[in-house]
Amino acid sequence: MLLIPCPWCGPRDEIEFHCGGQSHLARPEPWHAVDDATWGDYLFTRDNPKGLHLERWSHAAGCRRWFNVARDTVSHHILATYRMGEPVPEALQRELAAAAPRGAS
Amino acid sequence: MTRYNAWSLLKQGFAGQRGWTAAWRSPEPKSRYDVVIVGGGGHGLATAYYLAKNHGVRNVALLEKGWLGGGNTGRNTTIVRSNYYYPQSAALYDFSLRLYEGLARELNYNIMLSQRGVVNVLHSRHDMEGAARWVGAMNANGIDAELLTPRQVQERVPLLDVSPRARYPVWGGFEQRRGGTARHDAVAWGYARAASALGVDIIQGCELQGFRREGNGRVTAVETSRGTIAADAFGMAVAGHSTVVAAMGGFRLPVSSYALQAFVTEPLKPVLDTVMLSFGTGMYISQSDKGGLVIGGGLDHYLSYAQRGNMPVIRHVLGAVADQLPALGRVRLARQWAGIVDVVHDSSPILGETPVPGLFINCGWGTGGFKAIPVGGWMLAHHIATGRPHDIAAPFALSRFLSGALIDEAAASGIPH
Ligand SMILES: Cc1cc2nc3c(=O)[nH]c(=O)nc-3n(C[C@H](O)[C@H](O)[C@H](O)COP(=O)(O)OP(=O)(O)OC[C@H]3O[C@@H](n4cnc5c(N)ncnc54)[C@H](O)[C@@H]3O)c2cc1C
Ligand SMILES: [Zn+2]
């Protein structure tokens with residue numbers, strides 16, 4: 001069972017939360033210049049790393065706010081949580097850059 | 001290869017069972033093959049077998065980083081069925097079920113196929129309407145399926161609480177009688193043994209670590225934990241690790257990896273002679289030949305490469321067992337485990353070419369690819385050997401995520417089994 005530190009409410013049991021998948025996705029713009037490959041990728045292709053992953057969670061049975069979680073997909077260890085709109089914490093940015101190449105995007 | 005039959009059994013009985021030979025060879029990898037298949041689960045092994053058997057391509061290596069069947073093939077709840085909705089899926093999964101029906105003879109290996117039926121239990125008017133539509137589609141696709149009344153459901157699953165007080169009242173059900181179970185290890189080992197006998201080199205403890213590519217991007221060799229191995233064509237069937245291997249080739253896939261759990265109880269006397277699945281809770285259950293009840297449910301809720309599984313899902317699935325089959329409430333669990341499954345948006349597999357020339361893929365079976373092992377292997381072998389997709393596989397190409405021609409089987413496979 002995970003203990004997830006909601007940036008608004010503090011540490012709470014996993015069952016209060018809902019995972020909403022990868023964070024920091026930007027819809028490709030402008031719509032008339034987006035080709036099929038970019039659009040298909042935006043709709044269907046997500047990061048799926050074996051290791052550090054940045055994802056959105058909502059505190060569904062608590063404050064009902066969304067926030068970001070940096071979590072290891074092998075150990076399930078939560079390295080950081082940060083609010084919506086905040087940038088990826090700097091230490092994690094370095095770790096992400098050092099991680100194995102994640103393929104062309 | 002020693003053929004398994006009554007005579008060899010008798011002979012070994014007199015020889016104190018000491019004369020059996022290894023079921024497959026374990027050679028050192030050569031530096032070059034015609035085809036290299038990565039992933040020693042059912043799909044990889046079946047691919048190697050059908051390359052040799054159907055296409056005469058025998059200079060083949062199969063690389064497995066751990067041991068054969070150590071991934072999802074040896075962790076699944078062994079349900080086979082072909083009750084999917086769309087014609088493309090019906091063609092795919094029924095081809096597989098028909099191959100399963102002849103597989104023990106084909107491989108000279110007892111895969112313990114038991115067509116005991118798969119009974120889906122419905123709990124509301126909406127379930128009933130959905131099922132009527134689904135059964136109609138299956139029948140139109142030429143696949144057996146029938147609706148059941150609550151009384152028929154009760155006869156098929158006497159353990160089920162069908163009383164008016166039930167938390168999940170039983171409105172009816174539907175069944176595919178040709179569905180059932182098979183022994184998962186036997187499917188992997190049977191294909192391995194038959195492939196090895198046709199000349200395929202089965203190499204365990206050999207991890208793919210990277211691809212070597214020519215100027216035009218074509219793969220020419222793989223780097224492995226046991227050296228560099230060259231080949232003309234490569235196939236990958238690595239399930240939950242598909243995006244990890246794709247990243248080595250510099251491309252991405254619309255695949256997400258989740259843990260899927262299963263449970264088995266202490267052995268009981270026979271109490272259940274079919275496979276039962278509840279639409280209300282997603283819990284499904286069958287009884288193994290050893291007597292253990294084999295139980296499964298839905299996916300864990302977030303990406304994972306930990307073959308472990310989380311507590312909330314355990315509570316949900318086992319709570320459903322205790323609630324819906326109350327007589328089992330005090331039965332003890334013997335084991336719990338998880339496998340990492342390759343989930344795709346439309347719950348249909350990805351078969352065929354990758355963006356890397358010379359590299360072909362079989363993945364995306366998610367929670368339900370055990371039933372598809374024979375067809376998955378057949379299709380990948382066909383594409384590699386002939387250079388073109390088989391008609392049955394063509395709709396399942398990776399390019400459907402560009403064209404939008406998805407085959408959305410969420411209803412048929414959203415609930416794992
Ligand atoms: C709990 C559970 C229950 C299930 N129940 C059912 C069911 O009832 N019915 C059904 O039809 N399906 C079921 N499934 C799904 C089914 O098990 C899978 O879809 C199927 O086994 C996939 O087979 P595969 O050969 O593609 O993958 P796997 O059997 O996972 O094989 C992939 C292999 O690739 C190897 N590999 C990975 N990376 C590398 C590398 N870099 N180098 C070399 N080798 C590598 C792995 O070690 C692994 O052995 C279930 C799955 C789980 C986890
Ligand atoms: Zn909160």
- prompt: Does the side chain to side chain contact (heavy atoms under 4.5 Å, CB included) test come out yes or no for B/M311 and A/I15, once each step is laid out?
  reply: CA-CA 9 Å; B/M311 241 3 213; A/I15 54 169; over 6 Å; no
- prompt: Between A/N48 (side chain) and B/T243 (backbone), is there a donor-acceptor pair under 3.5 Å?
  reply: no
field: Crowding at CZ, B/R212 (>12 non-hydrogen neighbours, <6.0 Å)
entry: no
message: Among B/L303, B/V255, B/N310, B/V244, which residue has the highest count of heavy-atom pairs closer than 4.5 Å to chain A?
response: B/L303
Residue selection (most heavy-atom pairs with chain B, distance under 4.5 Å) from A/E55, A/R71, A/H18: A/R71
- prompt: By a 4.5 Å heavy-atom criterion (distance strictly below it), what part of A/L2 contacts chain B: side chain, backbone, both, or neither?
  reply: side chain
Contact origin within B/H301 toward chain A - heavy atom pairs under 4.5 Å: backbone
task: Identify which part of B/L406 has an atom lying under 4.5 Å from any heavy atom of chain A, answering side chain, backbone, both or neither.
output: side chain
message: Using a 4.5 Å heavy-atom cutoff, which residues in residues 73-85 of chain A come close to chain B?
response: A/T73, A/V74, A/S75, A/H76
query: When rounded to the nearest 0.5 angstrom, what distance separates CZ in A/R46 from CZ in B/R252?
result: 8.5 Å
message: Counting heavy-atom pairs closer than 4.5 Å to chain A, which one of B/S399, B/S256, B/P355, B/G249 comes out on top?
response: B/S256
- prompt: Counting heavy atoms not belonging to A/E90, are there more than 12 under 6.0 Å from its CD?
  reply: no
query: Given that the side chain runs from C-beta out, which part of B/L253 has a heavy atom under 4.5 Å from chain A: side chain, backbone, both or neither?
result: backbone
- request: Look at the aromatic rings of A/W57 and B/Y302 and report parallel, tilted or perpendicular, splitting at 30° and 60°.
  value: tilted
message: Using a 6.0 Å cut-off, check whether atom CZ of B/R167 has over 12 heavy atoms from anything other than its own residue.
response: no
